[in-house]
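Following: one structure in structure tokens, then a few remarks.
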Amino acid sequence: MEFRHLGRSGLMVSEISYGNWITHGSQVEEDAAHACVRAALDEGVTTFDTADVYAGTRAEEVLGRALKGVRRESLEIFTKVYWPTGPGRNDRGLSRKHIMESVNGSLRRLGTDYVDLYQAHRFDVETPLEETLRAFDDLVRQGKVLYVGVSEWNADQIAQALKIADSMGFDRLVSNQPQYSMLWRVIEAEVVPLSEREGLGQIVWSPIAQGVLTGKYLPGQPPPSGSRATDSTGSGFIDRLMRDEVLSRVQELRPIASDHGLTMAQLAVAWVLQNPNVSSAIVGASRPEQIRDNVKASGVKLGADALRTIDDILGPVVERDPAKTVSPSSRP
Ligand SMILES: NC(=O)c1ccc[n+]([C@@H]2O[C@H](COP(=O)([O-])OP(=O)(O)OC[C@H]3O[C@@H](n4cnc5c(N)ncnc54)[C@H](OP(=O)(O)O)[C@@H]3O)[C@@H](O)[C@H]2O)c1
């Protein structure tokens with residue numbers, strides 16, 4: 001496993017992280033979740049990503065139990081706040097009240113005194129940015145959070161936050177967590193150039209497009225049983241990618257993977273890691289052999305020819321519009 005700095009911060013993260021959305025506390029049983037975490041640790045993954053909202057807060061509990069007994073200083077644990085964690089109108093968003101309450105819940109569920117990175121899961125249009133950033137800064141000073149970042153914020157929102165942090169002397173954002181894969185490149189035009197200038201690193205999610213880039217979903221055929229596309233929660237998220245136009249182009253990537261001695265999943269993860277602004281690719285896995293497969297993408301170099309051929313094959317199914325980075329227009 002190779003390691004990178006999280007943006008311009010001093011924190012090192014494994015360039016492949018393990019995330020537990022959809023899986024822990026939901027799609028997979030507790031023993032499978034623990035086996036995936038164990039496999040990740042065995043393969044050198046030190047960075048783990050979760051969120052208060054995953055599986056209605058159960059995902060943090062599962063991750064906490066799975067990491068129990070592992071030396072805390074050898075781990076980087078990331079979580080997030082914004083999406084609803086309860087029925088109340090203050091159980092959501094980025095108000096000082098919800099941030100302070102949610103972080104305490106996350107720490108209790110994860111069984112730790114601090115998280116390494118605390119991320120605003122989306123932009124909250126109903127809270128003044130200064131209120132959110134001051135609450136984040138207070139958490140850093142209290143030692144409950146070591147670094148702060150955001151997820152799926154657009155370039156304007158990140159720039160506004162940096163301006164406020166600089167003028168108020170608040171701790172600066174060190175990272176953004178966007179969706180990024182061969183199929184979804186909306187951060188390249190605006191978010192990445194700003195982040196490079198300002199020292200934020202991207203911790204990218206769904207680098208395998210939720211399993212689509214493994215090539216296991218074949219055009220015109222039903223999805224394999226036990227896959228995300230057949231899961232009651234997961235299918236709602238992967239559906240937009242399950243179009244024959246996408247699936248058939250993905251099959252055409254097979255020769256590139258085999259020319260490099262890679263599996264399709266490894267090619268997909270290696271592709272996002274070619275972008276130097278990416279600090280880590282967060283992979284998901286419903287079984288340990290997937291994580292063992294995916295981590296072998298660490299350190300792989302893809303040549304310019306391969307990158308060009310990938311662009312030619314995927315062509316019109318690649319999404320590049322920066323306007324696709326959107327947060328809800330009111331609190332969920
Ligand atoms: N910030 C955000 O808003 C946000 C949003 C989404 C995700 N995330 C983060 O990103 C993490 C990863 O997202 P993701 O799970 O969508 O990532 P992903 O790595 O693109 O997809 C993971 C899924 O693909 C399938 N898969 C993975 N490796 C495979 C292999 N080698 N062979 C066959 N199938 C394989 C598995 O699903 P099946 O076995 O079920 O098919 C696995 O659960 C999340 O856990 C979370 O931490 C963040």
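Quick caveat: nothing in here was measured; it's all calculated off a predicted structure. Along the sequence shown, the residues carry numbers beginning at 1. Computation of the quantities below employed the complete heavy-atom set of this structure, encompassing side-chain atoms and omitting hydrogens, waters and symmetry-equivalent molecules. Indexing begins at 1, ligand by ligand and atom by atom, following the structure's order.
Contact atoms of ligand 1 toward Asp49: 9 (C), 46 (C), 47 (O) (distance under 4.0 Å to a heavy atom of the residue). Close contacts of ligand 1 with Ser227, meaning ligand atoms under 4.0 Å from a residue heavy atom, involve 40 (O), 41 (O). Counting atoms of ligand 1 from 1 in the listed order, those under 4.0 Å from a heavy atom of Val283 are 12 (C), 19 (O). Remark: ligand 1 atoms within the under-4.0 Å shell around heavy atoms of Arg122 are 2 (C), 3 (O). Of all atoms in ligand 1, listed by their number and element, those nearer than 4.0 Å to a heavy atom of Gln177 are 1 (N), 2 (C), 4 (C), 8 (N), 9 (C), 48 (C). Applying the 4.0 Å criterion to heavy atoms of Asn20 picks out, from ligand 1, the atoms 45 (O), 47 (O). For ligand 1, the atoms sitting less than 4.0 Å from at least one non-hydrogen atom of Ala265 are 31 (N), numbered in the order shown with element in parentheses. Interface of Tyr217 with ligand 1, defined as ligand atoms under 4.0 Å from a residue heavy atom, comprises 41 (O).
In terms of hydrophobic clustering, with Ile, Leu, Val, Met, Phe, Trp and Tyr side chains grouped at heavy-atom distances under 4.5 Å, Leu11 and Leu162 are assigned to different clusters. In terms of hydrophobic clustering, with Ile, Leu, Val, Met, Phe, Trp and Tyr side chains grouped at heavy-atom distances under 4.5 Å, Val174 and Leu139 are assigned to different clusters.
Ring planes of Trp83 and His121: perpendicular class, angle over 60° (limits at 30 and 60°).
Seen from the ring of Tyr114, Arg72 counts as a face-on cation partner, given the 6.0 Å and 45° thresholds.
One finds no salt bridge joining Arg134 and Asp138 here, because no Lys/Arg side-chain nitrogen approaches an Asp/Glu carboxylate oxygen to under 4.0 Å.
For atom 7 (C) of ligand 1, the nearest non-hydrogen atom from the set Trp21, Phe78, Tyr18 belongs to Trp21.
Only backbone heavy atoms of Ala209 (N, CA, C or O) come within less than 4.0 Å of ligand 1; its side chain stays farther off.
Annotation: Thr214 places no N or O atom under 3.5 Å from an N or O atom of ligand 1; distance criterion only.
Sequence neighbours left out, the pairs with a member in residues 256-312 that pass ring-ring contact (aromatic ring centres under 6.0 Å, His included) are Tyr180-Trp271.
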Donor-acceptor contacts under 3.5 Å from residues 45-52 side chains, at least two apart:
{"from": "Thr46", "atom 1": "OG1", "to": "Glu76", "atom 2": "OE1", "distance (Å)": "2.6"}
{"from": "Thr47", "atom 1": "OG1", "to": "Ser14", "atom 2": "N", "distance (Å)": "3.0"}
{"from": "Thr47", "atom 1": "OG1", "to": "Ser14", "atom 2": "OG", "distance (Å)": "3.3"}
{"from": "Thr47", "atom 1": "OG1", "to": "Glu76", "atom 2": "OE1", "distance (Å)": "2.6"}
{"from": "Asp49", "atom 1": "OD1", "to": "Gln119", "atom 2": "NE2", "distance (Å)": "3.2"}
{"from": "Asp49", "atom 1": "OD1", "to": "Gln177", "atom 2": "NE2", "distance (Å)": "3.1"}
{"from": "Asp49", "atom 1": "OD2", "to": "Lys80", "atom 2": "NZ", "distance (Å)": "2.7"}
{"from": "Thr50", "atom 1": "OG1", "to": "Asn20", "atom 2": "OD1", "distance (Å)": "2.8"}
{"from": "Asp52", "atom 1": "OD2", "to": "Ser102", "atom 2": "OG", "distance (Å)": "2.7"}

